[in-house]
Enquirer: 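Pasting a structure here, questions to come.
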Amino acid sequence: MHITAKDLAALIPSGFTLGVATAAFQIEGALDEDGRGPAGWDGFASRPGAIVDGHSPAVSCDHYHRMPQDVALMKQLGVDSYRFSLAWPRIQPTGSGAVNRAGLDFYDRLLDELLANGISPMVTLYHWDTPKALDDAGGWMNRDTAYRLGEFAAIAADAFGDRVARWATINEPATVSTNGYTLGLHSPGEALMLNAFPTVHHQLLGHGLAVQALRAAGVPGEIGMTNVYSPMVPNSINPLDYISAGLMDLAQNRLYADPVLLGKYPDLIRAAKFFSSFEHPEEDMKLISQPLDFYGLNYYMPTKVAVGPGQGAVPASMAEAMGSDLSAMGNGGTPFHVETWPEADITSYGWPVKPEYMRVALKEMAERYPNLPPVIITEGGASFEDIIVRDKSTNIRFIPDERRLKYLSDHLEAALKATAPGGEAEAVDLRGYYVWSLMDNFEWSAGYNQPFGLLHVDFETLERTPKASYFWFQELLEERNLVAAADTAVANAAGPEPAVTEENDDDVTALGATA
């Protein structure tokens, strides 16, 4: 069971944003159309064995050609905002120099379509589709890529700055470094292990340069970044498990958040001789730690950590879902590993469903970062196998995805209660929650086998079918609007509060004294 949409709506504070999110490479398709240059992911996805079942992103959801239809479905859903990313190689084919007018035109049309339908745009500048020319020059191992992202931010600000309500500079640098450069599971497919650390700083520097460019352009929209956060939980009371969980926390959470929110890398990282590369010029750290209008948090699950290599770096179910055999990372290859949660439901990705740890994530952020800007949950969602039910009499298809619906309901409830007055993370100014994702899409190395969408996509016909979770989210938005309308009606009926003059103050004081 889960809380009703009506009761959940009553927990939503005024001004709280409810939205949906996607990423360009995962939904657009049209990889070789209208002047788009190749991305590193184009080539990586064509490598034998890189993507589950050899799935191709060439067409994906065909959003590039079906954008008006998709915006209409968002309008029908009733969302406040749509978070999407700009395809860097579609706008700047080589990652530097000339701009592709056709690429700009597509996002011009998208922004205008959103605004015409009352949907607020949130734009992510970089969601992993590095132009191939930059990847060929070293990608995020090359400091120059950070400057190219700053240049791209200036291009986007000039073209779209008047219509974008919120900007996220970069999405999940932790995932790019870990999966793309440390383990080789994502593009560019480099398994550099500890030698991948320069990618951390270069991405964060790129974020800082993008913020600088957006501010210089005077964009009216809010500016932030977004990163994944997973609370790290020791597998047992073994002190070595606690140490392992702490090290994992440093590597996956604090290594990326501390520089942005504290202006420095974690002390333990900087103290270790091996990590001397994290001593950087003061001007770099000032760029990285510029004040933000919001901090985006992508939350999906907690991580249970145990000392030693175990049977592999991650549980077998998770490795299988990613299409990668990570067993070689165990058996002496790693000092610690990720354990399962036997008591927990798991998603099709093998991720544990533990909504209570949403509260932990927010509480930890509040405790670690005393000057934390307003927070937005920029991604939250779950992949589950969907079963399509067809009514023979009407030929209407229905997808009863109760587990996804419950996941979203439970996690949003946990976030709202944690940050409400008296909650364990009440110091966090939580401003919104974006569901990942609007529609089923190309889920990176997992191909089309991990559906996260509120909309089912038939990847043969490209037909979109709303799932039960879509209708639940629609109901939640409607109930929220009813609560807001009722509050406004009550406020209007009461009328403006009478002005209190100095004379009235004196009269009140005098009467009180007499009494």
Side-chain angles (χ1 to χ4, degrees), residues 15-25 79-92 95 99 103-104 106-115 119-130 145-173 176 203-228 256-257 259-261 287-298 372-379 429-434 436 438:
F16 189 90
T17 299
L18 289 171
V20 288
T22 65
F25 190 78
V79 291
D80 303 323
S81 179
Y82 174 45
R83 176 184 170 223
F84 63 96
S85 73
L86 304 176
W88 191 350
R90 195 177 295 286
I91 292 174
Q92 199 179 27
V99 171
L104 292 177
F106 171 71
Y107 295 107
D108 270 328
R109 295 193 300 272
L110 171 56
L111 286 165
D112 289 346
E113 192 81 15
L114 290 170
L115 293 172
I119 300 169
S120 177
M122 180 179 188
V123 166
T124 304
L125 288 171
Y126 176 72
H127 199 130
W128 307 359
D129 48 357
T130 313
T145 301
Y147 291 91
R148 301 289 68 76
L149 182 62
E151 178 185 277
F152 180 58
I155 292 168
D158 180 63
F160 314 126
D162 59 329
R163 287 163 291 169
V164 175
R166 286 176 174 146
W167 297 87
T169 55
I170 191 166
N171 180 80
E172 292 191 14
V176 173
Q203 287 185 88
L204 295 180
L205 179 61
H207 152 74
L209 290 164
V211 172
Q212 183 182 58
L214 293 169
R215 297 257 191 252
V219 298
E222 297 178 354
I223 300 170
M225 74 168 296
T226 185
N227 201 23
V228 66
Y256 300 87
V260 174
L261 299 173
L287 278 171
I288 290 169
S289 61
Q290 291 170 87
L292 300 177
D293 299 311
F294 69 90
Y295 187 82
L297 203 66
N298 292 354
L372 183 68
V375 171
I376 299 170
I377 306 299
T378 37
E379 286 182 26
D429 180 5
L430 189 64
R431 297 282 181 90
Y433 189 102
Y434 286 76
W436 184 270
L438 169 66

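These numbers come from the heavy atoms of this one structure, side chains and all, not from hydrogens, waters or symmetry mates. These numbers were taken from a predicted model, which means no experiment stands behind them.
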Enquirer: So, taking the atom named CD in Q203 and the one named OG1 in T145, what distance separates them when rounded to the nearest 0.5 Å?
Expert: 9.5 Å
Enquirer: Looking at E151 and G95, what are the two nearest heavy atoms and their distance?
Expert: OE2-O, 4.3 Å
Enquirer: Could you pull out the closest heavy-atom pair between A165 and S120, with the gap in Å?
Expert: CB-OG, 3.1 Å
Enquirer: Kindly indicate whether the side chain of E222, heavy atoms from C-beta on, has any atom under 4.5 Å from the side chain of P374.
Expert: no
Enquirer: Might you point out which heavy atoms bring L114 and P121 nearest each other, and give the distance in Å?
Expert: CD1-CB, 4.1 Å
Enquirer: Could you work out, with side-chain hydrogen bond (donor to acceptor under 3.5 Å, both in side chains) as the rule, every residue matching T226, not counting sequence neighbours?
Expert: N298, T378
Enquirer: Relative to the ring of Y126, is the ring of W88 parallel (under 30°), tilted (30 to 60°) or perpendicular (over 60°)?
Expert: perpendicular
Enquirer: Going by heavy atoms in the side chains, are V164 and V219 under 4.5 Å from each other?
Expert: no
Enquirer: Quick one: CG on L86 to CG on D129, what's the gap to the nearest 0.5 Å?
Expert: 9.0 Å
Enquirer: In terms of ring plane angle, is the pair F160 and Y107 parallel, tilted or perpendicular, where the classes change at 30° and 60°?
Expert: perpendicular
Enquirer: Rounded to the nearest 0.5 Å, how far apart are CD1 of I288 and CG of L205?
Expert: 5.5 Å
Enquirer: Write down the atom of L372, the atom of L261, and the distance for their closest heavy-atom approach.
Expert: CD1-CD1, 3.8 Å
Enquirer: Using a 4.5 Å cut-off on heavy atoms from C-beta on, say whether the side chain of H207 contacts that of Y256.
Expert: no
Enquirer: Within the structure provided, determine whether Q92 and R148 are in side-chain contact (heavy-atom separation under 4.5 Å).
Expert: no
Enquirer: So how far is it from L209 CG to T169 OG1, rounded to the nearest 0.5 Å?
Expert: 10.5 Å
Enquirer: With sequence neighbours left out, what residues match F84 under ring-ring contact (aromatic ring centres under 6.0 Å, His included)?
Expert: Y82
Enquirer: Determine, step by step, whether D108 and R163 satisfy the side-chain contact (heavy atoms from CB on, under 4.5 Å) criterion, reporting the C-alpha distance in whole Å, the side-chain angles of both residues, the deciding distance to 0.1 Å, and the verdict.
Expert: CA-CA 9 Å; D108 270 328; R163 287 163 291 169; 2.6 Å; yes
Enquirer: Below 4.5 Å, heavy atoms only, C-beta onward: do Y295 and N227 meet side chain to side chain?
Expert: yes
Enquirer: Nearest 0.5 angstrom please: M225 CE to L297 CG, how far?
Expert: 10.5 Å
Enquirer: side-chain contact (heavy atoms from CB on, under 4.5 Å), that's the test. Do E379 and N171 meet it? Break it down for me.
Expert: CA-CA 10 Å; E379 286 182 26; N171 180 80; 3.3 Å; yes
Enquirer: Would you say the side-chain atoms of S85 pair up with the backbone N or O of A24, donor to acceptor, closer than 3.5 Å?
Expert: yes
Enquirer: Is there a donor-acceptor contact under 3.5 Å from the side chain of W167 to the main chain of V211?
Expert: no
Enquirer: If only side-chain N and O atoms count, and only distance matters, is there a donor-acceptor pair under 3.5 Å linking R166 with T17?
Expert: yes
Enquirer: Please report the closest heavy-atom contact between A153 and L125, naming both atoms and the distance.
Expert: CB-CD1, 3.6 Å
Enquirer: Among residues two or more places apart or on two chains, list those pairs meeting salt bridge (Lys or Arg N to Asp or Glu O under 4.0 Å) that have a residue in residues 211-220.
Expert: R215-D293
Enquirer: As an exercise, state the distance from CE of M122 to CG of D80, rounded to the nearest 0.5 Å.
Expert: 13.0 Å
